[in-house]
Amino acid sequence: MQERLYNFSAGPAVMPLSVLKKAQEELVCLPGVGASILEISHRSKPFEAILLAAQDNIRKLLNVPENYKILFLQGGALTQFAMIPMNIIHNTDSTADYIVSGTWSKKAASEAKTQGKINIVWDGKEEGFRRKPVDSELNLNPNAAYCYITSNETIEGVQWQKMPETGNIPLVCDASSDVFSHPVDISKYGIYYACAQKNAGPAGVTLLVIRDDFVDKSGDDLASMFSYKKLAAANSMLNTPPCFAIYMLKLVTDWLLTDIGGLDKMFKINQNKAALLYDAIDQSNGFYRGHANKEYRSIMNVPFRLPSEELDKQFQNEAKEIGLITLGGHRSVGGIRASIYNAMPEAGVIKLRDFMLDFAKKNG
Ligand SMILES: *Cc1c(COP(=O)(O)O)cnc(C)c1O
């Protein structure tokens with residue numbers, strides 16, 4: 001059998017090995033059921049128990065207060081780019097504020113415009129999306145229904161270290177690429193959501209933590225599958241949910257709670273892993289150039305460039321030869337990107353760091 005390599009893909013991305021093994025072990029016959037998770041009804045007791053356990057795990061991990069619901073939706077993060085304004089500001093006089101700090105928030109803002117009136121309160125494009133704004137730069141509307149942010153810009157590797165202070169305006173956050181990587185204070189958010197396929201499971205499910213008053217804002221004119229109110233009332237089971245993806249999400253959150261020991265521990269591990277790569281960048285005398293300004297460096301996605309595009313290519317080719325794969329930057333920006341999500345073992349990061357030092361010595 002082919003051995004597993006260290007996979008630095010930005011998404012879908014590396015999963016914990018123990019989770020994959022558990023899923024493999026149970027795939028043909030789920031214990032106590034006698035059939036595969038792929039074969040049973042979403043209305044069956046065993047599946048219901050899996051869905052409830054996944055919600056319970058998420059509630060524990062993120063310390064979700066009572067007045068929030070946890071939803072499992074389909075259509076990826078991109079569907080939420082439209083569903084959020086569709087449910088919260090569409091057909092109302094309300095507007096929303098958007099902070100554009102990278103490719104994903106830019107896309108979120110452009111999709112939101114199809115549903116309602118939004119204001120871009122900060123845009124980092126001119127500066128090449130290398131940082132987040134400081135609070136004093138934000139031109140917030142005190143009556144905005146929400147302020148939209150992207151906690152970690154997956155493509156540019158730019159992450160908020162401290163969430164912006166928005167007073168009474170609730171944050172709505174796309175945490176697709178850093179959910180479960182560090183502890184969060186959910187009470188600041190009207191909606192905190194993430195597609196699963198970066199840091200929480202396989203593609204196919206998007207988890208949404210949503211405050212009750214945000215659930216209640218859905219207009220009655222919305223079709224059921226687009227209405228937070230109707231989806232919440234049916235506990236995400238208006239129709240067949242992505243059963244297998246929810247099952248995997250349950251296994252990943254079990255792993256975070258039991259094997260890792262919660263998000264404080266996960267955060268420390270992630271900080272240490274990220275420091276290994278950023279130290280290699282900083283000590284390379286300019287051979288490696290990181291994209292993000294230092295204060296906004298992501299602990300999940302580490303994009304950087306070498307002195308030439310030829311060296312970028314050579315770096316990826318030689319890395320691949322020693323089992324370090326999918327290190328290419330996003331097609332829109334090029335260069336190198338190492339995504340080091342929760343499930344990337346420290347040993348993989350150390351191997352990449354050692355390769356970086358070696359490559360710089362030979363080619364610098
Ligand atoms: C990957 C990603 C998305 C897109 O997710 P889809 O599930 O493919 O729609 C959106 N936002 C962020 C921050 C991402 O990393």
Side-chain angles (χ1 to χ4, degrees), residues 7-15 71-86 98-115 118 123-125 129-132 146-161 163-164 171-182 184 189 191-209 225-226 236 241-242 244-246 248-249 252 270 274 291-292 296-303 326 328-333 337-344:
N7 170 21
F8 294 92
S9 169
V14 60
M15 302 261 287
L71 305 183
F72 298 134
L73 307 181
Q74 304 193 55
L78 249 74
T79 300
Q80 297 314 309
F81 290 0
M83 266 177 79
I84 291 163
M86 188 188 296
Y98 275 68
I99 296 177
V100 173
S101 60
T103 306
W104 285 121
S105 44
K106 186 165 182 283
K107 179 89 180 160
S110 83
E111 293 286 307
K113 282 180 192 153
T114 68
Q115 300 302 319
I118 66 155
D123 189 339
K125 188 165 195 298
F129 293 135
R130 290 172 194 277
R131 67 177 181 100
K132 301 285 190 183
Y146 60 87
C147 176
Y148 187 97
I149 60 172
T150 304
S151 50
N152 181 61
E153 290 285 356
T154 322
I155 292 171
E156 290 83 6
V158 173
Q159 188 175 29
W160 294 97
Q161 309 300 322
M163 290 304 161
L171 292 168
V172 166
C173 179
D174 174 2
S176 289
S177 54
D178 71 352
V179 65
F180 302 144
S181 69
H182 60 99
V184 291
Y189 300 92
I191 300 175
Y192 182 86
Y193 77 99
C195 58
Q197 71 270 21
K198 278 68 187 267
N199 217 12
V205 65
T206 299
L207 70 100
L208 218 92
V209 180
M225 284 303 288
F226 298 97
S236 305
F244 184 70
I246 292 170
M248 292 300 287
L249 182 54
V252 171
N270 285 329
H291 180 80
Y296 301 95
R297 282 172 163 176
S298 168
I299 57 169
M300 296 276 100
N301 311 95
V302 183
T326 28
H330 188 267
R331 56 196 144 85
S332 64
V333 299
R337 174 173 50 168
S339 295
I340 50 172
Y341 297 119
N342 288 349
M344 171 55 67

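Note that ligands are numbered from 1 as they come in the structure, with each ligand's atoms numbered from 1 the same way.
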Within the protein, residues bringing a heavy atom under 4.0 Å of ligand 1, chain by chain: Gly76, Ala77, Leu78, Phe81, Trp104, Thr150, Asn152, Thr154, Asp174, Ser176, Ser177, Cys195, Gln197, Lys198
Only residue of Lys132, Arg131, Glu153 satisfying side-chain contact (heavy atoms from CB on, under 4.5 Å) with Trp160 is Lys132
Tell me whether Phe226 at atom CZ has more than 12 heavy atoms from other residues, nucleotides or ligands lying less than 6.0 Å away. no
Can you name the side-chain hydrogen bond (donor to acceptor under 3.5 Å, both in side chains) partners of Thr326, sequence neighbours left out? Asn7
Could you give the side-chain donor-acceptor pairs of residues 198-209 under 3.5 Å, partners two or more places apart or in another chain?
from, atom 1, to, atom 2, distance (Å)
Asn199, OD1, Asn342, N, 3.0
Asn199, ND2, Val179, O, 2.9

side-chain hydrogen bond (donor to acceptor under 3.5 Å, both in side chains) partners for Tyr296, two or more places apart: none
Ser151 and Asp178: side-chain donor and acceptor closer than 3.5 Å? yes
